[in-house]
Amino acid sequence: MQRRDFLKGVGIAALSSGVPLASIPSAWAQAADTLVIAIGSTINSLDLHRPGTNRPSYMVTVNIYDRLVRFATKALPDGSLNFDYNTLEGELAESWQIAPDGMSVVFKLKPDVKFWDGAPITAEDVRWSLERAIALGGFPATQMKAGGLEKADQFEVVDDRSIRVKFLRKSKLTLPDLAVPVPFIINSKVAKSKATPQDPWAAEYLHRNPAGSGAYKVERWDPGQQIVFVRNEEWKAGPLPAIRRIVLREVPSQATRRALIERGDIGMAFELPPKDAKEISEKKSAVVVGAPIANCIHVLNTNLNFEPFKDKRVRQAIAYAIPYQQIFEQGAYGRGLPMWGGKSFTPTDIAWPQPSPYSTDYDKAKELLAQTEFKNGFEVPLSFDLGTADWGESTALIIQEGLAKIGVKTTIDKVPGANWRTMALVDKKLPLHLENFGGWLDTPCYYFLWAYAKGNLFNSSNYSDAEMEQLINETLPMEMSDPAYAPKIRRMIAKAFDEVPRIPLWQPSLESGLRKDVQGYSSWYHRQPELRTMKIVKG
Amino acid sequence: MSQSSPSVQTGLRITRALGHARYALAANPVTLCAVLLFMFVLGCAIFGPMLAPYDPLQTNGAMALKAPSWQHWFGTDQLGRDVFSRVLVAARLDLTIAFSAVIIAFIIGSTMGAVAGFFGGWSDLAVSRVCDTIMAFPLFVLAMGIVAAAGNSVINIVYATALINIPFYARMARAEVNVRRNAGFVHAARLAGNSEWRLLAVHIFPNTLPPMMVQVSLNLGWAILNAAGLSFIGLGVRPPDAEWGIMVAEGANFIVSGEWWMALFPGAALMLAVFSFNLLGDGLRDLVDPQKRT
Amino acid sequence: MALGVKSRLILSRLAQALPALAGIVVVTFILTRALPGDPAAYFAGPAADARSIAQIREQLGLDRPLPVQFLSYVTDLLQGDLGRSISTGQPVAEALMQRLPASLELTLFALLLSALIAIPLGVAAARRPDSWVDQACRLLVTAGVSLPTFFTGLLLVYVFYFILGWAPPPLGRLDLIYLSPPQVTGFFTIDALLDRDFATFRAALAQLVLPAMTLALFTLAPIARMTRASMIQALGSEFIRTARASGLSERRIVYTYAFRNAMLPVVTTLGMVFSFMLGANVLVEKVFAWPGIGSFAVEALVVSDYAAVQGFVLAMAVLFVLLNLLIDVVYTLADPRVGMEG
C-alpha cells in the first residue's frame with residue numbers, strides 16, 4: 001500500500017514538474033521575527049581560536065560569545081551605527097581598575113551574567129579562555145601579542161568575580177585588544193569536560209559545539225550552507241537583541257545576492273560589491289548602509305626586493321602614473337574615500353588614513369623614470385588576489401594602462417586565495433601587487449606596525465628602514481595624547497609618502513544592503529556583521 | 001579488385017567520399033548551414049583582429065557600461081571597452097585553445113590507441129588502464145585540478161583539456177585498429193613484406209581517420225566549453241585578454257543589474273561556435289558512417 | 001547456470017575496476033600535493049608569523065616527507081577514513097555523505113527531465129528521418145549542448161526568478177520557511193512525500209526545477225541521438241516489417257514493438273549521461289548555491305584542502321565504477337546474448 005502511494009507520488013512529481021512554479025508566491029512568507037542574511041563566503045568553524053578558522057567565521061564568535069569589554073557605538077549621518085574606538089564599555093566586566101603603578105588591571109565581572117547552561121561566569125572561566133587564546137597559537141596568539149598579552153601567567157584569578165591582567169609593558173593597545181573578537185570567554189567547565197590529552201583546549205569540541213554566554217546561540221549549523229542563530233533570552237551582558245532568530249545563508253553568487261536583496265526576499269545582503277552598493281542606493285531598491293573601513297587602504301604595493309623598485313624614484317614614477325580618478329570611478333564606483341591628491345608631502349595632522357600627495361601626472365612620472373637606469377621602461381607582473389576580483393580586476397587593468405604610458409609593461413596575474421597568502425604575504429615575492437590591509441586597532445602606529453615594519457605579515461613590499469622601525473616602536477605603546485606622539489606620527493607619514501613602497505589608492509567602504517524594514521546596522525573594524533543591534537520594524 | 005594497389009583504392013575511396021559529401025550536403029541543409037557557420041567562425045578567428053572597429057583592450061572611462069548602439073554594436077563593458085571588438089578578437093584565442101588541445105589529444109590518444117589495438121598484449125593493457133584511470137575521474141574536476149596545480153595560463157588550459165580528451169581518441173583508435181588488424185588487405189600488405197609498424201602507420205591508421213575526425217569536430221566544441229567553465233571559476237585566461245568564457249563569467253555578474261549585453265554577446269558567440277562544431281561533427285558522422293542514417 | 005556465467009562476468013568487471021581506482025588514489029595524491037600555495041600559511045590566518053605557520057604545518061602533518069604522507073593516507077583509506085577537511089574541520093566522509101544526496105537528487109531529477117524530453121524527440125525524429133521534424137530536433141538538442149551550463153543557469157535565474165518571479169530564489173534545496181523533511185533517503189522530495197508533507201514536497205520540487213532544467217538542456221543531445229539511431233534501426237528491422245505486413249496499427253508498432261527493442265542502448269546512454277552530469281554539475285551547483293559535492297570540491301580546491309579534494313575525487317570515481325558496473329549488469333541481464341559470449 002505504502003509502496004504504491006510512493007510510486008504514485010513519484011509519477012505525479014514527474015508529470016507536473018513544470019507546473020508548480022507558477023503557484024509559488026513571489027514574496028514568499030517569512031516569519032516576522034526572523035532575519036535572513038545572505039553572505040558570500042563560507043563559515044568553517046564556530047571557534048575563532050582553532051587553527052584554520054577563516055575570516056567569515058569570526059562573525060560567529062562576535063555574536064555568540066561575550067568578551068570582558070567592547071567598543072561603544074555612535075550614530076552615523078545615514079542613521080546606521082559605527083563603532084567608537086575611543087570608548088570602551090563593559091560586556092562581562094562591570095568595572096575595571098588600573099593599578100597605581102599602571103602595570104596591571106583588575107576586571108570585576110557583572111553579578112548576573114551566566115553561560116547558556118545556567119552556570120555563573122567565573123574569573124576562572126575568563127582566565128582559562130584568555131590563556132587559550134594564546135596557547136593555541138596562530139593568528140589569535142599574534143593578535144593578543146599586539147596588545148602585549150603573551151604569557152599565561154599574565155592572567156590571575158583574584159576571586160570568583162575578579163581577574164587581574166598583568167602587563168609586560170605599558171601599552172595603549174592592551175585594553176582595546178581585549179575588546180577585539182579574539183579574547184572571547186568560554187564556559188571552561190564544559191570545555192574541560194570535553195578535553196583530551198591530545199586536545200587539552202577542546203578545540204575539536206568547540207569547533208562545532210560552542211559553549212558561551214553570548215546574545216545569540218547557534219541553533220543549527222549546516223557547513224557550507226547556513227547557520228541559524230537564536231536569541232539567548234537570558235542574556236544580561238547588554239540590551240537584549242530585538243530579533244529572535246537570524247539565518248545566515250551562504251550564497252556564493254554575487255549576482256544572486258543582489259537579486260535577493262533587491263526583490264526583498266532576504267533582510268540583508270552583507271558586504272555588497274561597490275558597484276551594487278552604488279546602483280542599489282541610486283535605485284533605492286534597498287537601503288545601503290555602511291562606512292569607510294577604519295584604518296584600511298587599498299594600495300598598490302611595490303616590492304623593494306625587486307630591482308626596479310629598489311630605486312625610490314621608480315616607485316614615485318609609478319605613483320604618478322596611476323589613473324586614480326578612473327580607478328575610483330570604475331574600480332570603487334565612488335564608494336569610499338580618495339587617498340590621492342593630498343596637499344603636501346609633509347602632513348599637518350595625524351589623521352590616518354589620509355590622502356597621499358600623488359596624483360596622475362604622466363610627465364612627472366616620465367621625468368622621474370628618466371633619471372633612473374629604467375628610463376626605457378621595464379616589464380613586471382601585476383598580481384591581485386582572486387578573492388578581491390570585484391574591485392581588483394578593474395583596478396589592475398586601469399593601472400596596467402596607466403603604467404604602459406610611461407613604458408612600464410605589466411602582465412596581470414590573478415592569484416587564487418590559498419596561494420595569495422603564501423606568495424604575497426608570507427614569502428613576499430610578488431613584485432607589484434594590490435593589497436588591502438586594515439588594522440583592527442584604529443591608530444596610525446598600529447597600521448604602520450603591520451605594513452611598514454620589516455618582516456611583518458602585511459609589509460609585502462619588504463620595506464625596511466631603521467628610522468621607521470624606531471618610530472613605530474616608540475609610538476606603539478605611547479598614549480595618543482602624549483605631546484611627542486603627533487610629531488613622530490607625522491614623520492612616519494611623511495616618510496611613507498616620500499618613499500612610497502605602498503601606493504595608496506582609496507579607503508574602501510564596507511557596505512551592506514538592507515530591506516526597508518530592517519534597521520540597526522553597525523559598521524565595525526573587524527568587517528563582520530554585528531547582529532545584536534539589528535531590528536525589524538513593522539509596517 | 002583485390003589486385004588494385006592501396007593508392008588506387010584510396011583514390012577511389014576519396015572520389016566516392018567527395019561524391020557522397022556533395023550528395024549529403026545537398027540533401028541536408030543543416031549540415032550545409034554548419035559548414036557555412038564554421039567558415040564564418042574560422043573567418044572571425046583569422047580576420048577578427050583586422051575587422052575590429054576598436055582596440056579590444058583600450059579602456060574608456062567616459063563610455064563604461066553603455067548599452068548597444070550604432071557606435072558600439074554590442075555595447076561596452078565596465079571599463080568602457082568595446083564588447084563587439086572583444087567578441088570578434090576572442091574568436092582567435094578560443095579556437096586556438098580548442099584546436100591545440102584537440103590536436104594534442106588526437107595525436108597522443110590515437111597513437112596510444114593504435115599501438116594498443118594493433119599489438120595488443122601489455123601495450124593494450126597499459127593503455128587501457130591509463131584510459132580507465134583518466135575516465136574514472138570527474139573530467140571537469142580533473143581539468144580544474146591540473147590548471148590549479150600547474151598554474152593559471154592558457155598553455156595549461158590546453159594541456160588539461162587535451163589530457164581529459166585523450167581516452168576518447170585512444171579508445172576509438174584502439175577499437176578501429178583492432179577491427180582491421182586481421183582484414184584481408186592487411187594480410188596482403190604483410191605478405192608483400194611490410195613491417196608491422198609500417199602496416200599500422202600506412203595501411204591501417206589512415207582508415208581509422210574518418211570516424212576520428214567526427215570525434216575531433218565534436219570535441220572542439222567541448223574543449224571551448226571546458227575552457228569557458230574554467231574561466232568561470234576563476235581559472236583560465238588572464239585579463240585583459242579577450243576570451244568568450246571569461247567574458248561570460250564576468251558579464252554574468254552584470255546581468256542582474258541590467259547590463260545584459262556583456263554576458264549575452266560573448267555567450268552567443270560561444271554558443272554559435274560550439275553549435276557549428278557540433279553540427280559539423282554530426283554532418284561528418286553522416287558522411288563517414290552512412291548506415292547510421294537509414 | 002547462465003547466472004553463474006553472468007555473476008562471474010560481474011566479478012571480473014569489478015576486478016577490472018580495481019587498477020583504475022588505485023591509479024586514482026595515486027594521481028589525486030600527487031595532484032593535490034602539486035597545488036601551489038601553502039595550506040598551513042592559509043589556515044594560520046591573517047597576521048600569522050613564520051612560527052605559527054610552522055606550528056600549523058606540524059599539526060596538519062605536512063612537515064613529513066611525501067612518501068610518509070602517502071603511506072598514512074593509504075592506511076587511513078583502507079580503514080575507510082577519508083581524512084578531515086582542513087577548511088570545514090569535518091570528516092570528509094561525513095561531509096560527502098551529507099552532500100551526496102543533494103547532488104544525486106539534482107542529477108537524477110535532471111536526467112528524468114532530460115529523458116522525458118529527449119526520448120520523445122528521438123522517437124519523433126526516427127519516424128521521419130531527414131524530415132523537418134528530424135532537423136528541428138537535431139537543431140534543438142545541438143543548441144542545448146552548445147550552451148555553457150553556468151550561462152544557462154544564470155539566464156534562467158534572471159528570467160524566471162528576477163524578472164518574472166515564478167521561481168523561488170536560487171538558495172539551494174529548500175526555501176527558508178521550510179524545514180528539511182525527516183531523513184530517509186536524503187532526497188528532499190521523496191522524504192517529504194514519505195512524510196506526507198506536500199507543502200515541503202512542492203517547495204523542494206520548485207527549488208529543483210531551474211537547476212535541473214539547466215542540466216537537462218545540456219544532456220538532451222546524447223539521449224535524443226541514441227534514441228533516434230536505435231529507433232531507426234529497430235524500425236528498419238525484420239520483425240517490424242513483419243508486424244507491418246500483419247496489419248498492426250502504426251501506433252502499436254512504434255510504441256510497443258520498436259520502442260521496446262530500441263530501449264536497451266538508450267538505457268546504457270542514460271547511465272553514461274548520469275555519470276557525466278554528476279561530474280559536470282559543479283558549475284550548476286555554484287550558480288544555484290546547491291549544497292552538493294560539486295560545490296564542495298570547488299571550494300576545497302581553491303583553498304588547497306587536500307583531504308577534501310582527494311575524498312571527492314575518490315568518491316566520484318567509486319560512484320562511476322559502480323554505475324558502469326550497474327549498467328553492465330542491467331545489460332547482461334537484459335540481453336540474453338551477452339551471457340553466452342562471456
Q: Within the supplied structure, the quantity of interest is the number of heavy atoms (other residues, nucleotides, ligands) at a distance under 6.0 Å from B:F40 CZ; does it exceed 12?
A: no
Q: Among residues two or more places apart or on two chains, list those pairs meeting side chain to side chain donor-acceptor pair (under 3.5 Å) that have a residue in residues 83-99 of chain B.
A: B:D82-B:S85
Q: Indicate yes or no: at least one non-hydrogen side-chain atom of B:Q78 is less than 4.5 angstrom from one of A:E393.
A: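 B:Q78 vs A:E393: side chains apart.
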Q: If contact means a heavy atom pair closer than 4.5 Å, which residues of residues 280-290 of chain A contact chain B?
A: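 If one takes a 4.5 Å heavy-atom cut-off, no residue of residues 280-290 of chain A lies near chain B.
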Q: Counting only N and O atoms by type, is there a donor-acceptor contact under 3.5 Å from the side chain of A:E401 to the main-chain atoms of B:T59?
A: yes
Q: Would you say A:L397 and B:R81 make side-chain contact, with heavy atoms under 4.5 Å?
A: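 Counting from C-beta outward, A:L397 and B:R81 do come under 4.5 Å.
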Q: Out of A:E262, A:Q330, A:K414, A:Q254, which one racks up the most heavy-atom pairs below 4.5 Å with chain B?
A: A:Q330
Q: Any chance CH2 of B:W260 has more than 12 other-residue heavy atoms, nucleotides or ligands included, within less than 6.0 Å?
A: yes
Q: Measure A:D413 against the heavy atoms of chain B and call it side chain, backbone, both or neither at under 4.5 Å.
A: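 For A:D413, the contact with chain B is made by backbone and side chain together.
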Q: Of the non-hydrogen atoms in A:A255 and B:N253, which two are nearest, and what is the gap between them?
A: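 Looks like N-OD1, 4.1 Å.
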Q: Examine whether an atom of A:Q325 lies under 4.5 Å from a heavy atom of chain B, and if so say whether it belongs to the side chain, the backbone or both; otherwise answer neither.
A: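 Neither part.
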Q: Checking A:E329 against chain B: side chain, backbone, both or neither under 4.5 Å from a heavy atom?
A: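 Answer is neither: A:E329 stays 4.5 Å or more from chain B.
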